[in-house]
There are 2 protein chains.
Amino acid sequence: MSTNEDTIEELKKIVKQKGLKYTEQREIVLKILMNADGHLSAEEVYNEIKTKHPESNVGIATVYRALGFLEEVNLITSITFGADGKKYESNQKEHHDHLICTSCGKIVEFLDDEIEKRQDRIAKKNKFKITSHSMQLYGTCGDCQD
Amino acid sequence: MSTNEDTIEELKKIVKQKGLKYTEQREIVLKILMNADGHLSAEEVYNEIKTKHPESNVGIATVYRALGFLEEVNLITSITFGADGKKYESNQKEHHDHLICTSCGKIVEFLDDEIEKRQDRIAKKNKFKITSHSMQLYGTCGDCQD
DNA sequence: GTCAATGCAAATCGTTTGCATGAAC
DNA sequence: GTTCATGCAAACGATTTGCATTGAC
């Protein structure tokens with residue numbers, strides 16, 4: 001687990017290494033995701049920027065491009081929750097899976113070592129080299145079962 | 001596990017029970033999915049219909065409506081594979097999870113009882129009543145690791 | 001000064017909707 | 001005959017693209 005500053009440094013390094021340019025916009029998008037507690041859609045990131053950085057005139061197209069870039073270099077991850085569309089989260093968090101309440105939308109994160117181990121075993125048995133995985137359990141949370 | 005005929009009968013029963021009408025279009029969509037070996041997108045179902053049932057003039061809107069209906073009454077299931085969008089499969093198959101090759105697109109299905117059990121336990125611990133879940137492992141298959 | 005990244009608007013993709021017509025009951 | 005389902009085309013929301021301009025190096 002690294003600090004926000006570390007991750008920003010990481011981004012600078014990657015950008016330099018690729019011969020690309022370091023821009024405020026990419027940094028802002030990354031920061032928004034690092035400071036968000038949940039999972040944000042592209043549009044939500046865009047709105048956050050508009051409220052938290054009103055001075056920076058960032059277009060929605062740039063948000064999409066930045067998200068694509070950050071995911072490609074593995075600083076963020078995208079997940080698709082059922083009908084809710086694509087959402088993003090910073091990779092600073094440890095890997096985890098999701099319990100999703102289909103009634104109120106609540107999301108609980110969890111991690112189960114045994115499941116992780118079994119996933120690796122299944123992959124090996126099928127000669128797959130796993131790069132990522134995602135697992136979602138859909139249902140009704142305690143509060144919504146009335 | 002039931003035969004195609006059983007499932008068609010099931011559809012007829014559901015439709016009657018709901019006071020709706022039994023149409024050839026819904027039947028065709030269901031049949032396409034029962035006979036497909038993989039997972040089809042709405043567009044792919046539509047194209048299949050155009051080639052396999054060229055006489056029936058089915059519109060894409062009807063395909064979407066039929067898919068929505070069939071999923072609602074639990075005869076088919078939808079899954080979202082990363083960037084690939086929503087795909088559908090018949091519920092005649094037993095539940096299973098997916099290994100997906102991000103290089104060639106190959107999909108291997110698997111089932112692990114221990115993982116299923118653990119998922120239930122996690123849900124219970126968090127007071128969730130699970131209705132469904134989906135799990136995908138992404139990576140590179142044996143053939144693509146060169 | 002060069003080249004990548006941006007903002008904007010237009011284009012595109014997948015999906016949904018309104019509505020007049022047709023088919024099931 | 002009534003009502004639901006359909007086909008078509010238009011509408012829609014999310015994402016992408018083309019292009020002239022701006023900003024990082």
Side-chain angles (χ1 to χ4, degrees), chain A residues 8-9 11-32 39-50 53-73 75-76 78-88, chain B residues 8-9 11-32 39-50 53-73 75-76 78-88:
Chain A
I8 296 284
E9 282 311 311
L11 172 61
K12 284 187 178 155
K13 218 177 67 190
I14 292 168
V15 165
K16 178 169 273 179
Q17 207 174 44
K18 295 200 161 213
L20 302 178
K21 308 207 164 144
Y22 191 80
T23 65
E24 198 197 356
Q25 288 88 338
R26 298 214 253 237
E27 184 181 306
I28 291 180
V29 170
L30 179 56
K31 276 187 184 164
I32 295 274
H39 311 76
L40 302 183
S41 67
E43 197 113 20
E44 285 165 342
V45 171
Y46 179 63
N47 291 334
E48 279 278 291
I49 293 174
K50 290 248 223 168
H53 302 261
E55 76 292 355
S56 77
N57 186 20
V58 179
I60 185 76
T62 300
V63 172
Y64 277 101
R65 286 188 276 232
L67 288 170
F69 175 77
L70 292 172
E71 183 172 22
E72 202 182 293
V73 302
L75 288 173
I76 66 176
S78 71
I79 2 157
T80 306
F81 293 141
D84 264 20
K86 216 172 185 181
K87 305 223 168 185
Y88 293 86
Chain B
I8 296 285
E9 283 311 311
L11 173 59
K12 284 185 180 156
K13 217 177 66 188
I14 291 168
V15 165
K16 178 169 275 179
Q17 208 175 44
K18 295 199 162 212
L20 303 178
K21 311 207 163 143
Y22 191 80
T23 65
E24 199 198 355
Q25 288 87 338
R26 299 213 252 236
E27 184 182 307
I28 292 180
V29 170
L30 180 56
K31 276 188 182 162
I32 294 274
H39 311 76
L40 303 182
S41 67
E43 199 115 19
E44 285 164 342
V45 171
Y46 179 64
N47 291 333
E48 280 277 292
I49 294 176
K50 289 249 225 169
H53 303 261
E55 75 292 354
S56 77
N57 186 19
V58 179
I60 184 79
T62 300
V63 171
Y64 277 103
R65 286 189 275 230
L67 289 171
F69 175 76
L70 294 171
E71 183 172 22
E72 203 181 293
V73 302
L75 289 173
I76 65 175
S78 72
I79 3 154
T80 307
F81 292 141
D84 265 19
K86 218 172 182 177
K87 305 224 170 184
Y88 294 86

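Note that the structure is predicted; figures quoted are calculated from it, not measured. Only heavy atoms go into these numbers, but all of them, side chains included; no hydrogens, no water, no symmetry mates. Just so we're on the same page: letters track the sequence lines, and every chain starts at 1.
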Please check if the side chain of Arg65(A) supplies one atom and the backbone of Arg26(A) the other of a donor-acceptor pair under 3.5 Å.
no
Within this structure, what is the [atom1]-to-[atom2] distance between [X] and [N], rounded to whole angstrom?
X        : N       : atom1 : atom2 : value
Glu44(A) : dG13(D) : CD    : P     : 16 Å
Ile14(A) : dA5(C)  : CD1   : P     : 14 Å
Ile60(B) : dT15(C) : CD1   : C1'   : 9 Å
Glu71(A) : dT15(D) : CD    : P     : 12 Å
Leu67(B) : dT6(D)  : CG    : C1'   : 15 Å
Tyr46(A) : dT16(D) : OH    : C1'   : 15 Å
Leu20(A) : dT2(C)  : CG    : P     : 20 Å
Glu27(A) : dA5(C)  : CD    : P     : 15 Å

Can you find a side-chain donor-acceptor pair between Glu71(B) and Ser78(B) that sits under 3.5 Å?
yes
Under 3.5 Å, is there a donor-acceptor pair linking the side chains of Tyr88(B) and Glu44(B)?
no
Does the side chain of [X] get closer than 4.0 angstrom to OP1 or OP2 of [N] through an N or O atom?
X        : N       : answer
Thr62(A) : dT6(C)  : no
Thr23(A) : dA4(C)  : no
Asn57(A) : dT22(D) : no
Gln25(A) : dG23(D) : no

Are the side chains of Lys18(B) and Lys16(B) in touch, meaning some heavy atoms are under 4.5 Å apart?
no
Taking dT15(D), dT15(C), dG7(D) as options, the one with an atom nearest any side-chain atom of Val58(B) is dG7(D)
The residue, Lys21(B) or Arg65(B), whose nearest nucleotide of DNA chain C is more 5′ is Arg65(B)
Val15(B) or Lys86(B): which one's nearest nucleotide on DNA chain C is closer to the 5' end?
Lys86(B)
Walking DNA chain D from its 5' end, the first of Glu24(A) and Tyr22(B) to be reached, judged by nearest nucleotide, is Tyr22(B)
Considering every strand and a 4.0 Å limit on heavy-atom distances, what is the contact class for Tyr64(B): base, sugar-phosphate, or nothing?
base
Identify whether any heavy atom of Glu43(A) sits under 4.0 Å from a base atom; if not, whether one sits that close to sugar-phosphate; answer base, sugar-phosphate or nothing.
sugar-phosphate
As a quick check of understanding, evaluate side chain to side chain contact (heavy atoms under 4.5 Å, CB included) for Leu70(B) and Leu11(B), giving each step before the final call.
CA-CA 8 Å; Leu70(B) 294 171; Leu11(B) 173 59; 3.9 Å; yes
